[in-house]
Amino acid sequence: MSTLILGFLTSLIVSFIATPYVKKLAEKVGAVDAPNQRKVHTRIMPRMGGLAIYLGYLVAFFLFVPYASMSEMLGIFIGSTIVMAVGMLDDKYQLSPKWKLLGQLIATAIVVIPFGLKIGVVNLPYSGSIDFSSGWLFWLAIPLTMFWIVGVTNAVNLIDGLDGLSAGVSAIAAGTMGVMALLMGDYKVATYCFVLLGAILGFLYFNFHPARLFMGDTGSLFLGFNLAALSIMGFKEALFVSFIIPIVVLGVPLWDTFFAIVRRIVNKKPISSPDKGHLHHCLLNMGLSHRATVLTIYSISIFFGTMAILLTKTTKWTTIIVMVVLLIAIHLGTEIVGLVSRRHRPLINAYRRLRIKQAEQERRTN
């Protein structure tokens with residue numbers, strides 16, 4: 001436990017000290033973010049702040065994380081370093097999406113193939129399990145794992161739209177995974193999670209609204225890759241949790257990304273096309289302030305994290321009930337904020353039709 005605490009404090013302090021210097025470096029090399037019609041900020045801001053997160057993580061990783069005894073953990077370090085470098089290049093030179101995707105695929109292939117980080121046993125909810133460790137399923141595990149890591153990496157990148165948003169949501173996810181690893185007795189994974197958490201918090205002091213710099217793709221890709229890989233390493237065995245737990249832990253970025261895809265399909269636009277329909281945009285359009293929007297999404301993330309922890313301790317029927325309630329709440333929340341469209345609101349429209357029928361019946365009775 002002392003190693004975990006020292007790792008957390010070291011990464012936090014190094015990240016905190018490094019952030020002002022990284023800000024000056026970003027300004028010097030021209031890694032800045034200019035405002036446009038899609039973005040919320042109104043002045044040129046230095047980005048590449050994720051380098052400070054990486055530096056805090058780097059120092060604490062080599063001092064406190066037992067990577068030598070876990071090849072998967074060393075693989076995550078190498079892979080996340082690659083995507084961090086890709087993010088730095090993008091923050092400076094604005095890489096095309098295909099080059100960013102290529103960098104992510106290379107990093108993912110490295111952690112999956114030579115270092116062996118793959119989906120192991122998927123424990124289906126109360127209907128047996130699927131073992132990906134042998135036979136033809138062994139080869140299916142490789143593309144599934146790569147799809148998950150690349151998908152989550154980009155989901156975290158997509159929510160990086162407000163001051164402190166992506167960093168805060170990532171911190172909550174890392175903290176949740178750390179707590180769950182502690183409850184499972186996996187102190188190695190817990191130490192890694194808290195090292196990552198400390199590095200994020202040291203940077204978040206400068207990134208929360210009003211931000212002094214942005215993390216850029218340097219930070220969002222790095223954090224997304226780490227969270228995706230950790231969700232597999234920490235929860236890949238049937239003895240730990242069922243396959244729904246990592247999805248719940250990363251609920252906010254996955255929710256936002258899923259409905260961004262749905263929204264673009266409904267509006268007949270390319271899936272990769274940018275827009276201003278993400279969760280944070282919708283909350284701003286509802287009249288919430290910048291800070292209130294971020295804190296609201298933090299609250300949603302904490303709710304998801306708490307549910308993920310509780311799901312590991314609940315009975316069969318309680319888990320089913322909680323998941324049904326979560327799905328209804330997500331769908332209802334999506335309709336309320338207009339995450340897909342102001343016109344496509346089946347639950348709300350059904351409720352309104354029911355209320356109209358009730359009102360008509362009351363008038364007839366009277």
Side-chain angles (χ1 to χ4, degrees), residues 5-35 39-65 77 80-94 153 156-157 159-175 178 191-227 280 290-291 294-295 297-298 301:
I5 296 172
L6 288 172
F8 169 78
L9 292 175
T10 299
S11 64
L12 187 149
I13 292 169
V14 172
S15 175
F16 183 83
I17 294 173
T19 300
Y21 294 98
V22 169
K23 179 176 182 290
K24 292 179 181 178
L25 175 65
E27 293 171 337
K28 185 175 182 180
V29 302
V32 295
D33 196 352
K39 297 177 181 179
V40 176
H41 64 282
T42 55
R43 60 190 176 92
I44 294 177
M45 290 287 290
R47 53 187 177 190
M48 202 188 287
L51 179 59
I53 299 176
Y54 178 77
L55 292 173
Y57 156 87
L58 177 68
V59 173
F61 179 87
F62 281 106
L63 288 177
F64 300 104
V65 176
F77 168 77
S80 62
T81 299
I82 292 172
V83 296
M84 184 278 302
V86 170
M88 285 185 66
L89 290 172
D90 183 60
D91 287 338
K92 171 66 173 120
Y93 298 108
Q94 294 291 286
T153 299
V156 173
N157 180 246
I159 65 168
D160 187 23
L162 295 179
D163 296 354
L165 180 56
S166 186
V169 170
S170 297
I172 293 166
T191 300
Y192 192 108
C193 290
F194 279 96
V195 161
L196 190 64
L197 174 61
I200 298 170
L201 294 179
F203 167 78
L204 186 57
Y205 176 81
F206 300 92
N207 184 236
F208 195 71
H209 187 69
R212 281 167 262 185
L213 81 165
F214 297 154
M215 68 161 62
D217 279 13
T218 306
S220 59
L221 294 180
F222 170 75
L223 292 177
F225 186 92
N226 268 284
L227 293 174
H280 55 277
H290 192 125
R291 186 177 296 235
V294 172
L295 292 176
I297 298 177
Y298 283 2
S301 298

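What you see below is based on every heavy atom in this structure, not just the backbone, and it leaves out hydrogens, waters and symmetry mates. Everything numeric in this text was worked out from a predicted model, so none of it was measured.
If you take CG on Leu221 and CE on Met88, they are separated by 12.5 Å, rounding to the nearest 0.5 Å. To the nearest 0.5 Å, atom CD of residue Glu27 and atom CE of residue Met45 are 9.0 Å apart. Going from atom OG of Ser220 over to atom CG of Asp90 covers 8.5 Å, rounded to the nearest 0.5 Å. Atom CE in Met48 sits 6.0 Å away from atom CG in Leu25 (nearest 0.5 Å). Interatomic distance, CE of Met84 versus CG of Leu55, reported as 7.5 Å (0.5 Å rounding). Expressed to the nearest 0.5 Å, how far CD1 of Ile53 lies from CE of Met215 amounts to 4.0 Å.
Using a 4.5 Å cut-off on side-chain heavy atoms (C-beta onward), Thr81 and Tyr54 make contact. Annotation: side chain of Leu162 is in contact with side chain of His290 (closest heavy-atom distance under 4.5 Å). Inter-residue side-chain proximity for Tyr298 and Ile172 is flagged as met; some heavy-atom pair is nearer than 4.5 Å. Considering only heavy atoms from C-beta on, Thr19 comes within 4.5 Å of Leu213 through its side chain.
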**Request:** Carefully, step by step, assess Asn226 and Tyr192 under the rule side-chain contact (heavy atoms from CB on, under 4.5 Å).
**Result:** CA-CA 10 Å; Asn226 268 284; Tyr192 192 108; 2.5 Å; yes

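For Asp160, there are no salt bridge (Lys or Arg N to Asp or Glu O under 4.0 Å) partners two or more places apart in sequence or in a different chain. Among residues two or more places apart in sequence or in another chain, the side-chain contact (heavy atoms from CB on, under 4.5 Å) test is passed with Asn207 by Ala167, Phe203, Leu204, Ala211, Phe214. Under the ring-ring contact (aromatic ring centres under 6.0 Å, His included) criterion, Tyr21 pairs with no residue at all, not counting sequence neighbours. Residues satisfying the side-chain contact (heavy atoms from CB on, under 4.5 Å) test with Arg291, not counting sequence neighbours, are Phe208, His209, Pro210, Ser289, Leu295. Annotation: ring-ring contact (aromatic ring centres under 6.0 Å, His included) contacts of Phe206 (sequence neighbours excluded): Phe16.
Counting only distance, with no hydrogens or angles, the side chain of Lys92 and the backbone of Val29 share a donor-acceptor pair below 3.5 Å.
Across every non-hydrogen atom of Leu227 and Ala174, the tightest pair is CD2-N, 3.9 Å. What you find for Val14 and Gly56 is that their closest heavy atoms are CG1-CA, 3.6 Å. Contact detail for Leu197 and Gly175: the closest heavy-atom pair is CD2-CA, 4.2 Å.
Each of Lys23, Arg212, Lys28 was evaluated against Pro46; a single residue qualifies, Lys23, per the side chain to side chain contact (heavy atoms under 4.5 Å, CB included) test. Exactly one residue among Asp217, Leu196, Thr153, Leu51 makes a side chain to side chain contact (heavy atoms under 4.5 Å, CB included) with Phe222. That residue is Leu196.
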Tabulate below the donor-acceptor pairs under 3.5 Å that side-chain atoms of residues 6-13 make, not counting sequence neighbours, or state none.
from: Thr10; atom 1: OG1; to: Leu6; atom 2: O; distance (Å): 2.7
from: Ser11; atom 1: OG; to: Gly7; atom 2: O; distance (Å): 3.2
from: Ser11; atom 1: OG; to: Phe8; atom 2: O; distance (Å): 3.0
from: Ser11; atom 1: OG; to: Val195; atom 2: O; distance (Å): 2.8
from: Ser11; atom 1: OG; to: Ala199; atom 2: N; distance (Å): 3.2

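No hydrogens or angles considered: nothing links the side chains of Ser15 and Tyr57 as a donor-acceptor pair under 3.5 Å.
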